[in-house]
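To start, the structure itself, in structure tokens.
Residue numbering restarts at 1 for every chain, and letters A, B, ... go by the order of the sequence lines.
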Amino acid sequence: MADSVSSEEVAVISNTDITSTESENNIINTMVERGTALLRKLEINVAEAEKRTGKNTVNMQETYTVYLIEIRPAETEGGTPAAPDTLWRRYSEFELLRTYLLVTYPYIIIPPLPEKRAEFVWHKLSADNLDPDFVERRRVGLENFLLRVASHPVLSNDKIFFLFLTEEKGWRDAVLETGFQDKADSRLKSLSAMFRVKNPDKRFTALKQYSDELNSVISQLLRIRARVADRLYGVYKVHGNYGRVFSEWSAIEKEMGDGLQSAGHHMDTYAASIDDILEEEEHFADQLKEYLFYTDAVRSVCRKHELIQYELEMAAQDLAQKKQQKEELATGTVRIFSLKGMTSKLFGQESPEQKESRLAALEQSIQEGEETVKEKNTECQQFVRAAWDDIEHFKEQKDKDLREALISYAIMQISMCKKGIQVWSNAKECFSKM
Amino acid sequence: MSISAPRGLASSGQKPITEILHPLSAAEEPLSPGPDVTVSGGRDKEVGLTNGTPVETPSPASASVLFNRLQLDDDLDSDGRDPYADTETHDLFVTVDDPKKHVSTMETYITYRVSTKTTRIEFDLPEYSVRRRYQDFDWLRTKLEDSQPTHLIPPLPEKFVMKGVVDRFSEEFVETRMKALDKFLKRVADHPVLSFNPHLNAFLSAKDLNKRQGLALLSKVGESVKNVAGGYKLRVRPPEFCAMGEYLDTFNQKLGTIDRIAQRILKEQSEYLTELREYGTVYASWAGSEEELQRPLEGVAGCVTTCCGALEDMSENMGQDFLPVLREYILYIESMKNVLRKRDQSQAEYEGRLEAAVLRKQEDRTPIPAEVEKCQDKMECFNADLKADWERWQSNKRQDFKQLLTGMADKNVTHYEKCQAAWESLITLLQDKQTEDKTSCKSLWEIRQ
């Protein structure tokens, strides 16, 4: 289906005779414990971020961040880790890669990139793209993106992806050479078009609905989480005032002074602790955001399927029309209004030669139409098979990832409680010594 | 009649009458006598309910408290026991409890049961149980202020509540008020001078408190101080009373700040709680559209709900126990400043009269009138009472705030403990299904290993 792919990839999906489960098993068998072939060879991480300034496309100075990608061979005999190959990439290059993947593998749920701008922020976080905390979280997000692509049974074999990891300079040209830009434009157009499918595939309809629900509920969750964080910040920070007033009060006391003073310090500690707590919680928000953005990818696979289905239906409809026309022409009955038919009625019948040539043209057209329908049908079936494999894969991944996200969230909460117990126990001891 | 055991009231033998100091005596009063002051002559009995009147069972608390009093002061303090366990008088115990609503045609009001146990001969009976309403407490306090102007009278909880804003008959309000009234009465009963006030006696024992009948036994000091002539200017205030005034001003300020902080925290917590509740419901609704994740998500929703409950409990507690005590002390400080002002007046009067008398003596050899000496007595009396009361006030304040703040810290610890327990039980639920691994589909976490 895709043009510029390695032969391995085609082998996996173009074998249309096998059933879906067999296909799934094949994929399982080809993947060893360590994951995809790519990950067996390489270790990938996004190690650092750095600020750069340079001229952009409109020749204006701009500041941007670049990220260092490190590639290491996965297994080293002899024990000493080899020096990594490295290259620098900026966010826009990641975006380019992703667009390429979206266009090239429309039946795959392409892993999302971390957000371009900070959203769902609570008041403390700046929405500034150059803010170090934001940059750090973005670094993690980009690494996740690369790891997800590298561990995907289909995407990991893509040559352009491999070049992204290895060719700093020549990569851009290589991507553009694939000619995906044209497809990108038509894809955008078609995805935003309004059309209605007559016989929608129930599975895809259900998936789209689920994806929309998930999108809505995660958005809600992120919004409220931000408000909760904001309020909690307020609660903790107000306690800092106790620190100050206890200190002032201790100045006029004799025996109570020491106890009050040290308790005050603990109140300051308590108030300060919220900053780290909320920073850690951002990690959980990021995990949710990843799946929020995943829903967009799911949605576009569903839309692409709808488009293919629609094109198939259109082709079939077109063919049926042409066949109808041929029949009418052959038998002389007019059932469908046509301008030609009208004009011939008005201005006289056409000659038998004219009729013959018209019939021949229609015959040709019908043959072409049948070809088209056959192609579209195959395309549709292949799409459905490949997409559904990936969707099952995605569902399991989602369940695992989100479960783990919830576990780490619970762990964070426990850690926060422990800190609270610690501080207040210390304060209690100080009070009891008053 | 059975009276439920008063919380942690100290119990000891009665003091012989000779040891009880006369209110007008300017001699030093024992301040915090500690465990030593118990034993006197033959009249010392264990549980102070011994003048022949049959009583059911002695309050269970008293024996253990008696035992505790034999330990060191420090242990007593750190034990968190009743702060009044080591005060001077141990033969008058009072409790306020059992609130009841009374509905009459004219008005609706609450009465409280006031129970008394005593061995003092000033009381006819060893036990009393009467019902009193807030008005009666207010009457008592006013009478005490009038009749004992040289002493610090403990404060009452606030008199006026905004109708419509606060529900005067809600359980929380009544409970809070009752605790404050109980504290007030206990402080008065523990005071070596105030506890012998005849108005207190009437309050505790009379069937019907006839408040309009002025009791004849007003102390002489009281009368004369009330009738002090105005117009005398104070020259120099002794430094110890200056220090008291300054302390009270600063302390008042700090208490006000603490009150504001506490209220602000309650407000922030309330808003946090609102958001947190909604947060929990989103998890619950998400669970509805999931299969594998349904139970984990419901678990999270449940956890969040538990945390909401824990926070609610703590906030309620702060409102009921913490804030009222702060407010009480602020009122206490107001009345104390009043007493300081009266002391100043007493000194000013004395000095003024003395000066006038000295001048006259210089002019025409008139001897210094006896009144001047009386004034001096009054002033010195006032000073001594005040100093003594100040010390006991400081000591009580220390206990009260130690208890208050320790309690606040404790509530916070409990709150976090509850939350931690909830999240920990969730983790076991979440990690439960980890063992099933049908496919080689990896989570991101697994990929990163």
- request: Could you look at A/E429 and say if it's the side chain, the backbone, both or neither that has a heavy atom under 4.5 Å from chain B?
  value: neither
- request: I would like to know whether A/K395 and B/E291 meet salt bridge (charged side-chain N to carboxylate O under 4.0 Å, His left out); could you show each step before the answer?
  value: CA-CA 11 Å; A/K395 280 184 180 172; B/E291 289 161 14; over 6 Å; no
message: I need the minimum non-hydrogen distance between A/H239 and A/A271, along with the two atoms involved.
response: C-CB, 4.5 Å
- prompt: Using non-hydrogen atoms only, which part of A/I44 is less than 4.5 Å away from chain B: side chain, backbone, both, or neither?
  reply: neither
message: Looking only at heavy atoms and a cut-off of under 4.5 Å, which of B/Q269, B/E278, B/E417, B/R264 has the most pairs with chain A?
response: B/E278
- prompt: Do B/Y247 and A/E253 have side-chain atoms, one donor and one acceptor, less than 3.5 Å apart?
  reply: yes
- prompt: Where does the angle between the aromatic ring planes of B/W286 and B/Y283 fall among parallel (under 30°), tilted (30 to 60°) and perpendicular (over 60°)?
  reply: parallel
Pairs of heavy atoms under 4.5 Å with chain A: top-ranked of B/L276, B/V300, B/T250, B/D410: B/D410
side-chain hydrogen bond (donor to acceptor under 3.5 Å, both in side chains) partners of residues 298-312 of chain B, not counting sequence neighbours, each pair once: B/R277-B/E312
field: Selection from A/R223, A/M416, A/M256 maximising heavy-atom pairs under 4.5 Å formed with chain B
entry: A/M256
query: Pick from A/L221, A/L147, A/L406: which one has the most heavy-atom pairs with chain B under 4.5 Å?
result: A/L221
statement: With chain A, the option among B/N412, B/T406, B/T414, B/V282 that has the most non-hydrogen atom pairs under 4.5 Å is B/N412
- request: Compare all side-chain heavy atoms of A/R231 with those of A/V235 and state whether any distance is below 4.5 angstrom.
  value: no
query: In terms of heavy-atom proximity below 4.5 Å to chain B, should A/Y242 be classed as side chain, backbone, both, or neither?
result: both
message: Counting heavy-atom pairs closer than 4.5 Å to chain B, which one of A/F246, A/W249, A/W424 comes out on top?
response: A/W424
statement: Heaviest contributor of heavy-atom pairs below 4.5 Å to chain B, chosen from A/N426, A/N241, A/N45, is A/N241
query: Non-hydrogen atoms of chain A under 4.5 Å away: do they reach the side chain of B/I427, the backbone, both or neither?
result: side chain
query: Are the side chains of B/Y272 and A/R227 in touch, meaning some heavy atoms are under 4.5 Å apart?
result: no
query: Can any side-chain N or O of A/S211 pair as donor or acceptor with the backbone N or O of A/T295 at less than 3.5 Å?
result: yes
Interchain contact, B/A422 with chain A, by part (heavy-atom threshold 4.5 Å): neither
field: Salt-bridge present (A/K400, A/E404; N to O < 4.0 Å)
entry: no
query: Is the closest side-chain donor-acceptor distance between A/Y291 and A/Q397 under 3.5 Å?
result: yes
- request: Mind ranking A/V423, A/I421, A/L402 by heavy-atom pairs under 4.5 Å with chain B and telling me who comes out on top?
  value: A/I421
message: Is A/K418 in contact with chain B via its backbone, its side chain, both, or neither, using a 4.5 Å heavy-atom distance?
response: both
statement: Pair count under 4.5 Å, heavy atoms only, with chain A: among B/I265, B/L266, B/L273, B/I258, highest is B/I265
- prompt: What part of B/V413 is in contact with chain A, defined as an atom under 4.5 angstrom from a non-hydrogen atom: side chain, backbone, both or neither?
  reply: both
